Structures are given as C-alpha cells and as structure tokens.
Amino acid sequence: MRRILSLWLPHWPVERWRRQGGISPAPDRPLVFYEQAGNRQLLTAVDEAAGAMGLRIGQPLADARAIVPDVAVLPADRQADAEALVRLARWFVRMSPITATDGDEGLLVDTTGADHLMGGETCMLETVTGWLAGLGISARVALAPTRGAAWALARYGANGTVAAPETLAALLAPLPVAALRLDGGTILLLQRLGLKTVGDIAALPRTGIARRFRGAEARQVSDLLDRLDRVTGRKPDPLGALVPLPDWRVRRAFMEPLMTPEGLMAAAASLVTDLSHALETAGQGLRRLRLLAFGADGSLQVAAIGTSRASRDAAHLMRLLREKIPEIDPGFGIDLLLMEAHDCIPLAERQMAAGHEERTTEALDRLMDRLGTRLGQGSVARLRHRESHLPERAQTLAAPATDDLGWDRLPADLPPRPLRLLSRPEPIEVMAEVPEGPPLTFRWRRVAWRVARAEGPERLSSEWWRHDAPKSRDYYRVEVTAGPRFWLFRHGLYGVPGVRHAEDGTPAWYLHGFFA
C-alpha cells in the first residue's frame, strides 16, 4: 500500500525570506509580497499577521493598503522561492528517496515502508512538523494512499490527518470541490449545480454527472472524472522522484551530531564497509557513490565520487572519498549520513593480480579514479579507437567510466603517426618538383620551410558513407633542414588530360600534425 505525505507551506515565501536573513522594513508590521501582473500589482504571499487582518494572496496591492494602511510591502522573488523549495525537498531525502516539489508552496514524499523507522505514521507526522518548526517553517501535513488525497487533506482537512484506504472516502467527503484541484470555471459550475463537496460528486453516478454538465465542455467533464479517480485511487497517480533513485542505500543516524571532520571520516568508513558487504552479497559493483550529510541546521551537503570500472572494494572507495569528505563542513553538527550506490551492475568474482597486464590495468583504473575525484570526472578521459582510417576520426575522447572501453589501441599495422594532430588541418603553400611528388618547400603561418627528406605518399581514400570529405588524401612525412618533422597531405588528385574524374580540380595542401 502506497503512503504519500503532503506538506503544505502556506507562508513559504515569507518564511524562506526570513530564514535566509531577510530583515523586515518594520518587524512589528504585517508583511506581504507582491508582483506585477499586467497593469496591476497583486499579492503573492502574506504572513500570519497580514492574513489575520483579511489580506489574501491574489488581492490587488492597492486594496491591501486600503485595508491595512501600514502594511510592509516587498517585491516577490519566485526564482529564489523555487530554488529554496527544491533544496528543502532534497533535504527530505533523509526520510525517503522519492521526494518532489508540489506547486510553489508544497512538497510530496513517498513514505511507503518508512514510517516504522520513526515510530509509526502519527509519530512521523509530528516529527516532520517539529523539524520544520525548528527551521522556522510552518506547515500543514497529511498522509494518504494517493497524492491527490494527501494534497486535498493537507489543505482542506484537519492538520496531521492520517487516511487509511478504508477511511479515505469518509475523510474526503466533506472537503470542498476545490480539493480536487479543478480550474476556477469548473468549480464555479459545480457550485451553481449544487455540488459543493467531494462527497456530493462521488455520490452521483457517472451518467448523472454527464447529464448535469449538459452544455458544458467535454473537457470539463473529463477533467472532473479524472481528478476524482486519481484522488480516490481508481487511477494511478505516480510520484516522480526529484533526484535519481539509488540502487543501494545505507544510513547512520546519530544521537549526538558529529562536530569534527575526524568523526565524519570514521562514520563514512563504517558506511562504506556496510555498503560493500551489501554489494558483495548481491554480486554487484557500483559506478557512482554519493555521501549525503544532513546538518542539524537543516542543511544538506553531498560528496560524490565515480569509478572507471564497477567496484565494491571498500578500501579503494574510501580512498576516493577522503578526497571529498574534507569539503563537508560539519557546522552545527551532522545528525544523519546516507550513502547511496548508483549505476550498479553485476560484478563477478575475479582473481586479483593474476598477471602483470591485469595488475597494470587495475593500477591504471585506480589512477583514473583518483584523478577524476581530484580534478572532476569531466576533466579525465581516455582515448578510444573508432573504425575510421581518417586520422582526425580514428580516435576520440571517452569518459573513463566505460567498461567496454579498455585501453583501445590503433591497429598495429598502421604506418607511423605523429604524436600531435592539429584540431583541424591548416592550409599551406607548397612548391613541388612534380605535381604528384613530395613538396620541396612549403609556407605555414608566414614561415617558409625547406624540405630535407620526405617519405610517402600514404593514400587515404574518402569514406564512402560520408559526403563532407569526397576527396582522397596523399600524406607525406617530411623533415625540414631546421630539424622539425611535419605531417602534410595533398587533398585531391590531379586529373588525367582527356579523362573526367570525380576528384577533378586543383588539389590543396594542408599541414596536419607534428612528429617528435
């Protein structure tokens, strides 16, 4: 049975602003936020004092000032509100891996199977409310089998309602039709038809609803029935996770928050050991590992590492984590640690250090892991061979975390290749003894070079399936009198008099690379 926790934060913009250090222009006056909507300024948030005086969201600012002349007014910052709400949703990962934002002032948490960790569902709601109160955030909460029912009960039912499947219909029946999250036009039409509560609609047969909506748009009827089915559970209403779900997770809660880096390091080592044992039992290895540190002040810090090959070696994983854990600031203390394994794949047992090649490959993999952890995964790459004989396409950079990559090498029978290729061939001016022969002199970047020795040509034909390189290339390895050695090519072939050829035209010369 699914259990969805809905949290409604009715004063979220105001409390977010105060929590992030906002100082009211007048602390003893009611506070409202507004935004420009066309030619009008409308209220987007009110604090408790302003709400008690009759101010409400959506009210024109001019009307609000007429009702409460001394109200304090500030411009709304919806982007900051949304970003802070996402951070709060991520913080609730401590309860469940499936969390999501719900509109501008709400959160949803799938707590299925998690309530026993907090003393039951009622205790869990009290704990959540206490957490938020400690952070200066007021909330109304409800727990139900569907997300629609949880949303409705949190906003229109009693605070802290726990709805079981057998009591759900009775708890939903007295709620107003607005609890179905319908548009304003449909709500007004229902009220005109005398259908004021969810129970009034649920009591009607489907054909009766269609008759009462005669003359209305078919979309309104369809939307009403769809909402009703989702709230009552007749239709699935999935909850998408805000963050990717881990394959494995271990956790450690602390009665006394961790205050020192040494304590954090020791706790992380214990979690790595537990996670490695779980992966070994399942015959799997991880590619990415995340350590989530939840602060007593409501903060969340994450340390993440990746491996080039799937691994469950606790010593190796901890060595990588030691590079990242110092970035976590204990602050007022860490009261919960979660360690998550992502991108897990089957990992068979294998003999360690079976031979020199195996030891070398393992050492290189671990070196890549350490470099990626220290410099960033995007800063480390391997060369991967591609099935192409064009030099600029023969190899590509690939992420080290690719099991099918290995240390791919170019074919062994290739002629010598330069150590360095230009990002793209650069045109040069060439003088040759005969048109098809090697160059005698060439000019590159306004510098003239005289060729002392030359080898070639090595002819590379164009790939028939590509249309952007229709001409052949004749490559030459040349050494100039000053000593440097270059890799040049002639792009195109000289035509034979009286014979039409696909590559007819004057060939061009390019410099492509440099030898040692």
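In this text the structure is predicted, and so the values were computed from the model without any measurement.
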Asp313 and Ser311: side chain to side chain donor-acceptor pair (under 3.5 Å), yes or no, with the steps? CA-CA 6 Å; Asp313 185 345; Ser311 173; 5.6 Å; no
Going through the distances and angles, do Leu125 and Leu5 end up as a side-chain contact (heavy atoms from CB on, under 4.5 Å)? CA-CA 9 Å; Leu125 295 189; Leu5 170 63; 3.2 Å; yes
Dump the intermediate steps for salt bridge (Lys or Arg N to Asp or Glu O under 4.0 Å) on Asp335 and Arg94, then the final yes or no. CA-CA 10 Å; Asp335 59 8; Arg94 63 186 298 150; 3.5 Å; yes
Applying side-chain contact (heavy atoms from CB on, under 4.5 Å) to Leu55 and Ile67, what does each step give before you reach the verdict? CA-CA 8 Å; Leu55 304 187; Ile67 297 172; 4.1 Å; yes
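Judged by distance alone, the side chain of Ser96 and the main-chain N or O of Phe92 form no donor-acceptor pair under 3.5 Å. Looking only at distances, a side-chain donor or acceptor of Arg29 sits under 3.5 Å from a matching main-chain atom of Val71. Here the side chain of Arg140 pairs a donor or acceptor atom with the backbone of Ala154 at under 3.5 angstrom. One N or O on the side chain of Gln301 and one on the backbone of Asp329 form a donor-acceptor pair closer than 3.5 Å. One N or O on the side chain of Thr146 and one on the backbone of Ala149 form a donor-acceptor pair closer than 3.5 Å. Thr167 places no side-chain N or O within donor-acceptor distance of the main-chain N or O of Ala163, the cut-off being under 3.5 Å. A donor-acceptor pair under 3.5 Å is absent between the side-chain atoms of Asp110 and the main chain of Ile98, judged by distance alone. Side chain of Thr112 to main chain of Arg3: a donor-acceptor pair is present (N/O by atom type, distance under 3.5 Å, no hydrogens or angles). With Asp47 contributing its side chain and Val32 its backbone, the two residues share no donor-acceptor pair below 3.5 Å.
In this structure, Asp183 places its CG atom where more than 12 heavy-atom neighbours from other residues, nucleotides or ligands lie under 6.0 Å away. At most 12 non-hydrogen atoms from other residues, nucleotides or ligands lie less than 6.0 angstrom from CZ of Arg319. The number of heavy atoms from other shown groups lying within 6.0 Å of NZ (Lys196) does not exceed 12. Residue Glu256 places its CD atom among 12 or fewer non-hydrogen atoms of other residues, nucleotides or ligands, all under 6.0 Å distant.
Residues Ala76 and Phe33 approach most closely at CA-CD2, 4.0 Å, considering heavy atoms. Counting all heavy atoms, side chain and backbone alike, Met259 lies closest to Phe332 at SD-O, 3.5 Å.
Judged by a 6.0 Å distance limit and a 45° cone about the ring axis, Arg147 is not positioned over the six-membered ring of Trp151.
Under 3.5 Å, the side chains of Arg252 and Ser270 contain a donor-acceptor pair of N or O atoms. Defined by atom type and a distance below 3.5 Å, a donor-acceptor pair is present between the side-chain atoms of Ser299 and Asp297.
Residues Ser6 and Leu153 are not in side-chain contact: their nearest non-hydrogen atoms beyond the backbone lie 4.5 Å or more apart.
With Glu340 as the fixed residue, the salt bridge (charged side-chain N to carboxylate O under 4.0 Å, His left out) test singles out one of Arg249, Arg287, Arg288, Arg251: Arg249.
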